[in-house]
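Structure record follows, encoded as structure tokens.
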Amino acid sequence: MKIATFNVNGINARLPRLLEWLEETKPDIACLQELKAADDNFPEAAIRDAGYGAIWHGQKGFNGVAILARGVDPVETRRGLPDDPDPSHSRYIEAEVNGLVVASIYLPNGNPQPGPKFDYKLAWFDRLIDHAASLFAREQPVILAGDYNVIPTDEDVFSVRAMAGDALMQPESRERFRRLAFAGWTDAIRARHPSGRIYTFWDYQAGAWARDAGFRIDHLMLSPAAADRLVDAGVDKAARGREKASDHAPTWIMLR
DNA sequence: ATGCCAAACGCTGTTTGA
């Protein structure tokens with residue numbers, strides 16, 4: 001069973017790329033972020049024609065998350081995190097699919113830092129950690145997949161110096177990512193590839209893709225019951241090199 | 001120290017964000 005996370009950066013702008021990727025790689029479950037579309041602008045018919053059931057939590061202009069499942073309808077278990085003081089941001093949706101619990105997560109970017117956007121990011125992350133603990137306690141296979149907007153370590157970025165002041169690699173951001181890991185969640189890419197530079201995002205600006213100036217911010221975090229079934233993980237890097245590509249590449253796991 | 005880029009919205013530029 002293949003489960004992927006893909007920040008599409010505009011589902012309507014990216015629809016041909018998304019459909020092509022679904023057809024080529026046939027993920028069983030795809031978690032999408034940055035739909036940049038209101039609920040009634042989600043391309044439901046095209047997704048269904050591609051063979052996928054879907055649930056989505058849209059928002060006009062920015063944010064927006066979805067879960068697609070091949071041949072079945074995901075059963076929604078939650079939209080939005082508990083106790084969100086600002087539920088206007090569509091950044092979390094969760095479903096059960098074939099006995100798995102899957103969340104599609106779009107963590108706030110947090111730039112510029114310091115400032116209110118960074119504070120919002122950290123508070124949002126804290127609520128995610130709290131909710132993750134309640135999922136963890138159920139001892140089910142759970143996959144928390146999405147754009148975490150966190151570069152976990154210096155090995156996950158093309159230049160520590162260039163990014164030193166960025167919200168994505170501040171100690172406060174990394175500390176929260178580590179807290180998830182220490183709570184028992186497995187970073188699937190690093191479980192399969194413990195060292196080496198693996199990127200999931202390359203900025204559109206300054207020729208970042210051409211010079212491989214990327215970083216790793218899209219993560220699939222696995223509960224123990226899911227991690228027990230992990231057989232492979234990777235990044236569909238070729239997708240980033242196409243015409244009208246998202247600035248993120250799809251990132252995936254294979255479970256037994 | 002600044003801009004690089006892209007999408008949505010709605011209209012030829014502004015807003016928002018990464």
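Predicted, not measured: the structure shown is a model, and the values here were computed from it.
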The residue, A:N41 or A:N63, whose nearest nucleotide of DNA chain B is more 5′ is A:N41
Can you tell me which residue among A:W21, A:F201, A:W252, A:Y106 is in a ring pair (Phe, Tyr, Trp, His ring centres under 6.0 Å) with A:F6?
A:W21
Using only side-chain N and O atoms of A:R14, determine if any of them is under 4.0 Å from OP1 or OP2 of B:dA6.
no
Should the pair A:R192-A:D232 be classified as a salt bridge under the 4.0 Å nitrogen-to-oxygen rule?
yes
By the 4.0 Å heavy-atom rule, please label A:N109 as base, sugar-phosphate, or nothing.
sugar-phosphate
Report yes if a side-chain nitrogen or oxygen of A:K60 is closer than 4.0 Å to either non-bridging phosphate oxygen (OP1 or OP2) of B:dT16; otherwise report no.
no
Go through B:dA8, B:dT16, B:dC4 for me and flag the one nearest to the A:F62 side chain.
B:dT16
Is there a side-chain contact between A:Y106 and the phosphate of B:dA18, meaning an N or O under 4.0 Å from OP1 or OP2?
yes
Minimum heavy-atom distance A:D218-A:H248, with the two atoms named
OD2-ND1, 2.8 Å
Is any NZ, NE, NH1 or NH2 atom of the basic residue among A:D28 and A:R70 found under 4.0 Å from an Asp or Glu carboxylate oxygen of the other?
yes
So what does A:N9 hit on the nucleic acid, given a heavy-atom distance under 4.0 Å: a base, only sugar-phosphate, or nothing?
sugar-phosphate
Pairwise P distance for B:dT2 and B:dA7, with rounding to whole Å:
26 Å
Integer angstrom distance from the P of B:dT15 to that of B:dG10
13 Å
Tell me whether the OP1 or OP2 atom of B:dA7 has a side-chain N or O from A:K244 closer than 4.0 Å.
yes
Can you tell me, in whole Å, how much space there is between the C1' of B:dA1 and that of B:dG13?
26 Å
Write down the distance separating the P atoms in B:dC4 and B:dC9, rounded off to the nearest Å.
23 Å
A:A13 near the nucleic acid: base, sugar-phosphate alone, or nothing, with a heavy-atom cut-off under 4.0 Å?
sugar-phosphate
